[in-house]
There are 2 protein chains.
Amino acid sequence: MVDPFVMYREVLALRGMRVTPQRLMILQVIDEGHGHLTADQIGDRIRAKFPAIHQGTIYRTLEVLREAGLVSETHLGDRSAVYELVGSHPHHHLVCDNCGQVIEIGDAMLAPLRAALFNQFGFRARTEHFAIFGLCADCARQPEPTPGA
Amino acid sequence: MVDPFVMYREVLALRGMRVTPQRLMILQVIDEGHGHLTADQIGDRIRAKFPAIHQGTIYRTLEVLREAGLVSETHLGDRSAVYELVGSHPHHHLVCDNCGQVIEIGDAMLAPLRAALFNQFGFRARTEHFAIFGLCADCARQPEPTPGA
DNA sequence: TTTTATGCAAAAGCTTTGCACGCCC
DNA sequence: GGGCGTGCAAAGCTTTTGCATAAAA
């Protein structure tokens with residue numbers, strides 16, 4: 001098994017980017033989060049073991065990693081974006097508007113739509129990450145949560 | 001041609017909601033915006049003719065209208081959500097990650113995907129509004145904008 | 001040694017909330 | 001007249017930014 005830090009180190013160095021402990025930790029946590037973590041959550045996870053890291057650093061690093069094409073940013077509708085490593089297994093998310101549940105689906109499911117969008121509009125839909133909103137099976141069954149009931 | 005205000009008035013009254021000039025103006029501007037306006041933009045448009053309206057009122061009203069099922073909220077990824085009347089012609093958006101262009105597409109295009117998601121996951125994808133991110137035809141042609149070039 | 005990233009803190013946006021007054025029913 | 005909605009202002013959150021220091025190359 002390869003030490004992930006070695007891998008991240010190479011990824012950064014190959015692009016002429018500086019290798020810092022903060023960047024290594026951020027990359028690792030993003031990878032572990034499988035595209036489900038917000039900037040705030042990434043910070044919290046790192047701070048649990050390394051309290052000195054500042055949230056400002058998280059934001060700045062995420063921006064740099066994104067510009068370098070290493071990390072993608074996706075807005076799942078709540079408020080904050082979530083991040084994931086580009087090139088990790090392509091998948092997408094079904095987000096339940098009611099309970100907030102996030103269901104992961106494979107990329108193959110979207111292939112026909114992507115082809116159609118490209119044929120008709122020349123639009124290249126992002127393969128990295130796709131968010132679809134709606135109601136999950138459970139919430140669709142009970143139309144309204146009716147808090148008082 | 002029907003006076004839209006009369007229509008909005010009925011829509012509110014039928015649900016036992018109070019009819020106020022602010023709510024009528026907000027509904028009209030949302031309708032005119034075709035699902036492309038943020039809360040801030042809605043406020044600006046109204047303030048152009050009726051400066052007294054406060055942005056806090058916009059936010060509170062949008063929340064109420066959304067809870068009543070009259071208005072839907074969609075996050076197009078930038079930062080702020082956009083709003084539109086539920087029941088207006090179903091359409092969706094292709095959002096270019098590079099230039100920010102928003103392309104409107106008909107609902108039929110998503111029917112096969114929606115059917116597949118329901119069959120496999122029991123997931124009911126929202127028909128009201130759907131945002132797909134990627135690169136538009138123009139930006140796909142020139143991979144990198146390269147600001148300095 | 002030079003350049004670049006980080007910690008810190010303050011500022012900037014956007015959105016929410018408490019309160020008193022005014023309008024809608 | 002009673003109750004809900006609005007204007008106003010302040011607070012809350014997330015994200016961005018300036019600066020001096022510390023760390024990487």
Side-chain angles (χ1 to χ4, degrees), chain A residues 5-6 8-30 37-68 70-71 73-83, chain B residues 5-6 8-30 37-68 70-71 73-83:
Chain A
F5 266 26
V6 173
Y8 302 137
R9 188 180 294 276
E10 283 176 8
V11 164
L12 293 171
L14 275 171
R15 315 220 171 198
M17 301 171 71
R18 287 205 175 172
V19 177
T20 68
Q22 290 87 343
R23 290 182 174 181
L24 293 175
M25 287 187 284
I26 289 170
L27 281 169
Q28 188 176 38
V29 169
I30 291 174
L37 299 180
T38 65
D40 198 52
Q41 292 171 323
I42 292 168
D44 283 345
R45 290 215 182 178
I46 296 177
R47 247 170 267 122
K49 294 176 184 171
F50 185 72
I53 200 169
H54 197 270
Q55 193 58 25
T57 300
I58 308 285
Y59 285 111
R60 265 185 299 219
T61 303
L62 287 173
E63 190 188 346
V64 168
L65 295 176
R66 193 161 51 79
E67 284 172 357
L70 296 174
V71 160
E73 182 187 84
T74 305
H75 293 261
L76 290 188
D78 310 81
R79 46 187 146 249
S80 299
V82 295
Y83 298 86
Chain B
F5 266 27
V6 172
Y8 302 138
R9 189 180 294 275
E10 281 176 9
V11 163
L12 293 170
L14 275 170
R15 314 220 171 199
M17 300 170 73
R18 288 205 175 171
V19 177
T20 69
Q22 290 87 343
R23 289 182 174 179
L24 293 175
M25 287 187 287
I26 290 170
L27 281 169
Q28 187 175 38
V29 168
I30 291 174
L37 298 180
T38 65
D40 199 50
Q41 292 170 322
I42 292 168
D44 284 345
R45 291 214 180 179
I46 297 177
R47 249 169 266 123
K49 294 177 186 173
F50 184 74
I53 200 169
H54 197 270
Q55 193 59 25
T57 299
I58 307 287
Y59 285 112
R60 265 185 299 218
T61 303
L62 287 173
E63 190 190 345
V64 168
L65 294 176
R66 194 163 50 79
E67 285 173 355
L70 296 174
V71 160
E73 183 187 82
T74 306
H75 292 260
L76 291 188
D78 311 81
R79 47 189 144 248
S80 299
V82 295
Y83 297 86

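Side chains included, hydrogens not; waters and symmetry mates left out as well; all remaining heavy atoms used. In the text below, chain A, chain B and the rest are named by the order of the sequence lines, each starting its count at 1. Quick caveat, the model's predicted, so the values are computed rather than measured.
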Q. If you find the nucleotide of DNA chain C closest to B:Thr20 and the one closest to B:Glu63, which residue's nucleotide is nearer the 5' end?
A.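 Upstream on the strand: B:Glu63.
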
Any side-chain N or O of [X] less than 4.0 Å from the OP1 or OP2 oxygen of [N]?
X: B:Thr57; N: D:dG7; value: yes
X: A:Thr61; N: C:dT6; value: yes
X: A:Gln22; N: C:dG7; value: yes

Rounded interatomic separation in angstrom, taking [atom1] from [X] and [atom2] from [N]:
X: A:Met17; N: C:dT3; atom1: CE; atom2: C1'; value: 15 Å
X: B:Arg23; N: D:dG7; atom1: CZ; atom2: P; value: 11 Å
X: B:Tyr59; N: D:dC13; atom1: OH; atom2: C1'; value: 13 Å
X: B:Glu73; N: C:dT16; atom1: CD; atom2: C1'; value: 13 Å
X: B:Met25; N: D:dG7; atom1: CE; atom2: C1'; value: 13 Å
X: A:Arg66; N: D:dT15; atom1: CZ; atom2: P; value: 12 Å
X: B:Asp44; N: C:dG13; atom1: CG; atom2: C1'; value: 14 Å
X: A:Gln55; N: D:dT14; atom1: CD; atom2: P; value: 9 Å

Q: Determine whether A:Val82 and A:Leu37 make a side-chain contact, defined as any pair of heavy atoms from C-beta on separated by less than 4.5 Å.
A: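 The answer is no, as the side chains (C-beta and beyond) never meet within the 4.5 Å cut-off.
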
**Q.** Per B:Val19 side chain, nearest of listed nucleotides C:dC25, C:dG7, D:dT6
**A.**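 Within the option list, the nearest is C:dC25.
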
Q. A:His54 side chain: which of C:dA9, C:dT6, D:dG7 is closest?
A.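 So the side chain of A:His54 is nearest to C:dA9.
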
Q. Is there a donor-acceptor contact under 3.5 Å from the side chain of B:Gln55 to the main chain of B:Ala39?
A.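 Indeed, once roles are kept as given, a pair shorter than 3.5 Å links the two residues.
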
Q | Distance, nearest 0.5 Å, that separates CD of A:Glu63 from CZ of A:Arg60 | A |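 Nearest 0.5 Å value for the CD-CZ distance: 10.0 Å.
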
Q.
Within this structure, what is the OH-CG distance for the pair B:Tyr8 and B:Leu70, rounded to the nearest 0.5 Å?
A.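 The OH atom of B:Tyr8 sits 11.5 Å away from the CG atom of B:Leu70.
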
(Q) Can you say whether a donor on the side chain of B:Arg18 sits under 3.5 Å from an acceptor on the base of D:dC4, or the other way round? (A)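 Check passes, donor-acceptor contact within cut-off.
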
Q. With no angle test and no hydrogens, is the base of D:dG18 tied to the side chain of A:Arg60 by a donor-acceptor pair under 3.5 Å?
A.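 Yes, the side chain and the base share a sub-3.5 Å donor-acceptor pair.
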
Please set out all donor-acceptor pairs under 3.5 angstrom arising from side-chain atoms of residues 9-27 of chain B, sequence neighbours excluded.
{"from": "B:Arg15", "atom 1": "NH1", "to": "B:Ala68", "atom 2": "O", "distance (Å)": "2.7"}
{"from": "B:Thr20", "atom 1": "OG1", "to": "B:Arg23", "atom 2": "N", "distance (Å)": "3.1"}
{"from": "B:Arg23", "atom 1": "NH1", "to": "B:Arg18", "atom 2": "O", "distance (Å)": "3.1"}

Q: Pick base, sugar-phosphate or nothing for B:Val64, based on heavy-atom distances below 4.0 Å to the nucleic acid.
A: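 Nothing: the residue B:Val64, judged by heavy atoms under 4.0 Å, touches no strand.
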
Q) When all nucleic acid strands are considered with a 4.0 Å heavy-atom cut-off, which category describes B:Pro51: base, sugar-phosphate, or nothing? A)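 Result for B:Pro51 = nothing.
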
